[in-house]
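All values reported here derive from a predicted model rather than from experimental measurement.
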Amino acid sequence: MPELPEVETVARGLQIAVAGRRIVSVTLRKTDFMDDPSAIERELPGKKIERVERYGKFMLLQLTGGEGKAAERHRVERGKKKILEEGEAEGSPRALLVHLGMTGNMTTHFAEQPLGKHTHVMLGLDDGRELRYTDARRFGRMAYLAGETLAAELRRFGADPLLASAEEFAELIRGSKARIKALLLDQSVVRGVGNIYADESLWSARIHPARSGASLSLKEAEMLRKMLQKILRKAIELRGSTISDFVDGDGLAGEYQQHHKVYGRDGQKCLRCGAKIKCMLVAGRSSHYCAVCQRAPRVARRKEKKTKRTRRVGTSKK
DNA sequence: CTCGATCCCTGGACGC
DNA sequence: TGCGTCCAGGGATCGA
């Protein structure tokens with residue numbers, strides 16, 4: 001499941017593999033995960049991939065230069081005013097935004113290699129290779145954005161956890177009554193953190209996932225920031241976590257899953273105190289924690305005792 | 001503002 | 001072996 005470290009891993013790989021290459025062709029299969037498939041078909045051919053970087057859980061393929069004939073015609077038709085409004089004037093930034101969702105990946109192939117079952121985008125490159133996007137569940141997203149549209153999209157997201165200062169982070173977290181786990185997962189608060197690294201950092205900082213952000217002391221907020229950064233850096237170093245099938249551009253699995261302290265360890269012993277690791281739903285996500293090391297807020301503690309098991313009956317159909 | 005519920009989607013795990 | 005069912009997860013959206 002690609003979170004910040006996994007996306008960083010893929011982005012770094014692609015920076016080496018495809019930066020400087022020009023896109024010569026675009027072939028799409030399923031397109032329901034794209035904002036505007038026709039824009040992708042129209043705008044990408046002729047563009048050069050200047051660089052590939054990570055933005056939260058997104059990859060940004062920064063594009064420059066040449067337009068396809070169709071794009072040129074399209075522009076002329078719309079007139080200059082409209083173009084400026086949409087921020088597509090000459091020299092304005094353009095990028096292909098790629099979110100890997102749960103099962104997405106982007107890798108280079110030789111054009112003659114057979115397509116995977118869930119490969120939905122093939123970008124032909126000027127050296128004969130293909131940059132392919134594969135995503136079984138299509139929880140990902142792909143969008144071609146430029147100028148102010150691109151800038152506005154990027155503004156929706158919060159701080160990069162690796163860059164956030166102590167003051168900024170504490171303010172973001174302590175300024176909300178929402179539960180800390182929900183805040184960590186909220187991309188408009190902090191960009192890039194998903195379920196695994198939220199649980200891992202909360203365990204390391206000894207903070208219960210159901211605590212309100214506002215209830216954290218300055219010291220706790222700073223501990224959380226430090227642990228989060230430490231964990232993310234280490235995970236990047238180890239090319240992320242491979243739970244089911246995540247691999248980087250070289251087909252290499254990540255190794256950070258071997259360092260998970262709580263995620264997926266429910267029922268096993270806490271590596272710090274030996275108590276049993278528990279799992280509860282917080283912010284709609286399974287949250288792994290140690291009830292001894294991470295002291296629960298009052299409300300949650302009461303709830304934990306009362307609530308046995310709320311099973312929902314599936315919506316049978318078909 | 002914050003919450004939970006629901007939907008999207010498919011592979012894999014599990015029960016029978 | 002082969003069904004059916006449930007579950008995972010990020011994010012959008014909607015109603016409470």
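- The one candidate from A:E50, A:E53, A:K48 that meets the side chain to side chain donor-acceptor pair (under 3.5 Å) condition with A:Q62 is A:E53.
- Dashed line: the shortest gap from a side-chain N or O of A:K57 to OP1 or OP2 of C:dG11 is under 4.0 Å.
- Judged by the 6.0 Å and 45° rule, A:R265 forms no cation-pi pair with A:W203.
- For A:Y263, the ring-ring contact (aromatic ring centres under 6.0 Å, His included) partners at least two apart in sequence or on another chain are A:H260, A:H288.
- A straight line from CZ of A:R29 to C1' of B:dT10 spans 16 Å, rounded to a whole angstrom.
- Judged by ring centres under 5.5 Å apart and planes tilted less than 30 degrees, A:F139 fails to stack against the six-membered base ring of C:dG11.
- Regarding A:R137, its CZ atom lies at a distance of 11 Å from the P atom of C:dA8, rounded to whole Å.
- No contact: A:G140 has no heavy atom under 4.0 Å from any strand.
- A sub-4.0 Å separation between OP1 or OP2 of B:dT2 and a side-chain N or O of A:S176 is present.
- Counting to the nearest Å, the P atom of C:dG11 and the CD atom of A:E3 are 9 Å from each other.
- The shortest distance between the side-chain N/O atoms of A:S286 and the OP1/OP2 oxygens of C:dG9 is below 4.0 Å.
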Polar atom pairs between nucleotides 12-16 of chain C and protein, under 3.5 Å, N or O only, would you list them?
unit_1	atom_1	unit_2	atom_2	d
C:dA12	OP1	A:R156	NH2	3.0

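- The phosphate of C:dG11 has OP1 or OP2 within less than 4.0 Å of a side-chain N or O from A:Q187.
- One interatomic measurement links the two molecules: CG of A:L100 to P of C:dG9, which rounds to 17 Å at whole-angstrom precision.
- Atom CD1 of A:I196 and atom C1' of C:dG9 are 10 Å apart (whole Å).
- Spacing between atom CZ of A:F33 and atom P of B:dC9 amounts to 13 Å, rounded to whole angstrom units.
- For the pair A:K117 and B:dT10, the criterion of a side-chain N or O lying under 4.0 Å from OP1 or OP2 is not met.
- The other members of the hydrophobic cluster of A:M227, by chain and number, are A:M223 (side-chain heavy atoms under 4.5 Å, ILVMFWY only).
- Computed from coordinates, the A:M102 CE to B:dC7 C1' distance equals 15 Å when rounded to whole Å.
- Taking side-chain N and O atoms only, A:H99 has a distance below 4.0 Å to OP1 or OP2 of C:dG11.
- Contact between the side-chain N/O atoms of A:R138 and the OP1/OP2 oxygens of C:dG9 is not found at any separation under 4.0 Å.
- Residues forming a side-chain hydrogen bond (donor to acceptor under 3.5 Å, both in side chains) with A:S215 (at least two apart in sequence, or on another chain): A:R211.
- Straight-line distance from the CG atom of A:L97 to the P atom of C:dG10: 18 Å, rounded to whole Å.
- Clustering of Ile, Leu, Val, Met, Phe, Trp and Tyr side chains at separations under 4.5 Å places A:L150 together with A:Y55, A:F58, A:L60, A:L97, A:L145, A:L154, A:F157.
- Within the structure, the side chain to side chain donor-acceptor pair (under 3.5 Å) test picks out the following pairs touching residues 113-126 of chain A (sequence neighbours left out): A:R21-A:D126, A:T119-A:T134.
- The side chain of A:Y263 places an N or O atom within less than 4.0 Å of a non-bridging phosphate oxygen (OP1 or OP2) of C:dG9.
- Salt bridge present: A:D32 and A:R138 bring a charged side-chain N and a carboxylate O closer than 4.0 Å.
- Checking the phosphate oxygens (OP1, OP2) of B:dG11, a side-chain nitrogen or oxygen of A:H118 falls inside 4.0 Å.
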